Amino acid sequence: MNFSEKYGPWALVVGASEGLGAAFAHGAAARGCNVALVARTESKLEATANALRDVHQVQTRVIKADLATPDAAKLVLDGISDLDVGLFIYNAAVEPQGLFIETSDDELLRNIHVNCTVPTQLTKAFAGRMVARGSGGIGLCSSMGALQGIKVFAAYGAAKSYELILAEGLWDELRDQGVDVMAYVIGMTLTPEFRRRLEVTPEVEQFLISRGAQQPEQCAERFFEIFGSGPRGWASDSLEQHWVADAQKPRSEVVRAMGVASSAAWS
Ligand SMILES: NC(=O)c1ccc[n+]([C@@H]2O[C@H](COP(=O)([O-])OP(=O)(O)OC[C@H]3O[C@@H](n4cnc5c(N)ncnc54)[C@H](OP(=O)(O)O)[C@@H]3O)[C@@H](O)[C@H]2O)c1
């Protein structure tokens, strides 16, 4: 079975209007899947969908939805109710930053809703359908921030950890039923959102690349190269090596080192 026979005819990428999500959409389309795209910004969704049709000659479906709203999962499921989705990638995230006790309750709950509740609802819906048809794939985007506590991004790291562990558990539950699930551990990626937040200049970009930062297309391509190979995929070998090295160190050292980096990104 080739990629689109196993994971097509439709892929759904949640958080697909730009950057990494758009790159996942292109990766699925390049492998012969039609693509449904979810995000908030209609103009960017349409631009990405146009590019997918032009470049890959696939069908597209745009679903404008804010994942932070209570009925987000229903909106997404209603939007694809007539499509046979064989690949589901949950890429969108909110990233509250700042000291935990100074973060509003609304923001903390939005973090749980967008990063935990909605992916849980959608994963459950798609996993059931994929088991029924005997094939499919689910990718949940996690982060290096999920592998240890992360100062000033504490709630975000905890939520990304939920996605990581959920995907690993489902890999084991579903692997004998034709459904591949992978937690995708992502490191620094030069997405438009990342660039906006950190005000990345060309000099800073070169520095970050020298420290392992990836372009969104690189990160997405790697996902497709390794998808189906196990419960946890790494966006690069060096991320995995970093994690292996950290496992040998005292936990306090690992958490504090991450805290130095995350505090620098925040201030
Ligand atoms: N960038 C990094 O350095 C990095 C590092 C580690 C992990 N990650 C993980 O990689 C994934 C993508 O990262 P990213 O945010 O930098 O890049 P991105 O994929 O370039 O952009 C995020 C996408 O999600 C959509 N989105 C965000 N909030 C949404 C909401 N409330 N409702 C609907 N759609 C929403 C955005 O579109 P709209 O704005 O149009 O809604 C956009 O299409 C996330 O899971 C993140 O945790 C990223």
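We count ligands from 1, going down the list as the structure has it; atoms in each ligand are counted the same way. Just so it is clear, the model here is predicted, and its values are computed rather than measured.
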| query | Please walk me through it: do K44 and E18 pass salt bridge (charged side-chain N to carboxylate O under 4.0 Å, His left out)? | reply | CA-CA 7 Å; K44 290 186 198 169; E18 64 177 7; 3.2 Å; yes
| query | Is the shortest side-chain N to carboxylate O distance from K160 to E163 below 4.0 Å? | reply | yes
| What pairs with P70 under side-chain contact (heavy atoms from CB on, under 4.5 Å), at least two apart in sequence or on another chain? | none
| Salt-bridged, K6 to D180, with N to O below 4.0 Å? | yes
| Do the two ring centres, one from F227 and one from F3, sit under 6.0 Å apart? | no
| task | Please report which non-hydrogen protein atom sits nearest to atom 34 (N) of ligand 1, along with the residue it belongs to and the distance in Å to one decimal place. | result | A39 CA, 3.5 Å
| field | Pick from F24, Y156, F194: the one approaching atom 47 (O) of ligand 1 most closely through a non-hydrogen atom | value | Y156
| Which of the numbered atoms in ligand 1 are below 4.0 angstrom from a heavy atom of A16? | 43 (O)
| said: Evaluate Q215 against E205 for side chain to side chain donor-acceptor pair (under 3.5 Å), listing each step before the verdict. | reply: CA-CA 10 Å; Q215 300 297 342; E205 173 162 353; 3.1 Å; yes
| With a 3.5 Å cut-off and no angle check, do the side chains of R31 and S4 form a donor-acceptor pair? | no
| field | Which segment of M144 sits under 4.0 Å of ligand 1 when only heavy atoms are counted | value | neither
| query | Can you find an N/O atom of V38 closer than 3.5 Å to an N/O atom of ligand 1? | reply | no
| query | Looking at atom 23 (C) of ligand 1, what's its closest protein heavy atom, distance included? | reply | G15 O, 3.6 Å
| said: For atom 40 (O) of ligand 1, what is the closest protein heavy atom, and at what distance to 0.1 Å? | reply: T41 OG1, 2.5 Å
| What residue and heavy atom of the protein are closest to atom 8 (N) of ligand 1, and at what distance? | I186 CG2, 3.7 Å
| said: Below a 4.0 angstrom heavy-atom separation, can you tell me which part of A65, side chain or backbone, both or neither, approaches ligand 1? | reply: backbone
| said: Using a 4.0 Å cut-off to any heavy atom of G19, which atoms of ligand 1 qualify? | reply: 20 (O)
| query | By number and element, which atoms of ligand 1 are closer than 4.0 Å to a non-hydrogen atom of G187? | reply | 2 (C), 3 (O), 4 (C), 5 (C), 6 (C)
| field | Main-chain N/O of T120 paired with T123 side-chain donor or acceptor, under 3.5 Å | value | no
| message | Are any of the N/O atoms on T191, whether in the backbone or the side chain, positioned under 3.5 angstrom from an N/O atom of ligand 1? | response | yes
| Shortest protein contact, atom 18 (P) of ligand 1 (heavy atom only) | L20 N, 3.7 Å
| said: Please report whether ligand 1 has a polar contact with S142, defined as an N or O pair separated by less than 3.5 Å (distance criterion only). | reply: no
| Should T189 be counted as touching ligand 1, given the test is an N or O pair under 3.5 Å? | yes
| What is the nearest protein non-hydrogen atom to atom 32 (N) of ligand 1, stated with its residue, atom name and distance? | L67 N, 2.9 Å
| said: Assess whether a salt bridge exists between R110 and D105, defined as any Lys/Arg side-chain N lying under 4.0 Å from an Asp/Glu carboxylate O. | reply: no
| Looking at side-chain heavy atoms only, is the closest gap between L37 and F24 below 4.5 Å? | no
| request: Looking only at protein heavy atoms, identify the closest one to atom 44 (C) of ligand 1 and say how far it is in Å. | output: N91 O, 2.9 Å
| query | Going by the order shown, which atoms of ligand 1 are within less than 4.0 Å of some heavy atom of D66? | reply | 30 (C), 31 (N), 32 (N)
| task | Please confirm whether P192 comes within less than 3.5 Å of ligand 1 when only nitrogen or oxygen atoms on both sides are compared. | result | no
| field | ligand 1 to R40 polar contact by distance, N or O atoms, under 3.5 Å | value | yes
| message | Can you confirm whether V200 sits close enough to F194 that some side-chain heavy atom of one is under 4.5 Å from a side-chain heavy atom of the other? | response | yes
| query | Got the closest protein heavy atom to atom 37 (O) of ligand 1, with its distance? | reply | S17 OG, 2.8 Å
| Could K249 and D246 be called an ion pair, given the rule that one side-chain N must be under 4.0 Å from one carboxylate O? | yes
| task | Could you check V244, D237, L239 and say which one makes a side chain to side chain contact (heavy atoms under 4.5 Å, CB included) with Q241? | result | D237
| Selection residues 137-176 - residue pairs positive for ring-ring contact (aromatic ring centres under 6.0 Å, His included), sequence neighbours left out | none
| task | State whether the shortest distance between N or O atoms of G21 and N or O atoms of ligand 1 falls below 3.5 angstrom. | result | yes
| said: Is M188 close enough to touch ligand 1? Criterion: a residue heavy atom under 4.0 Å from a ligand atom. | reply: yes
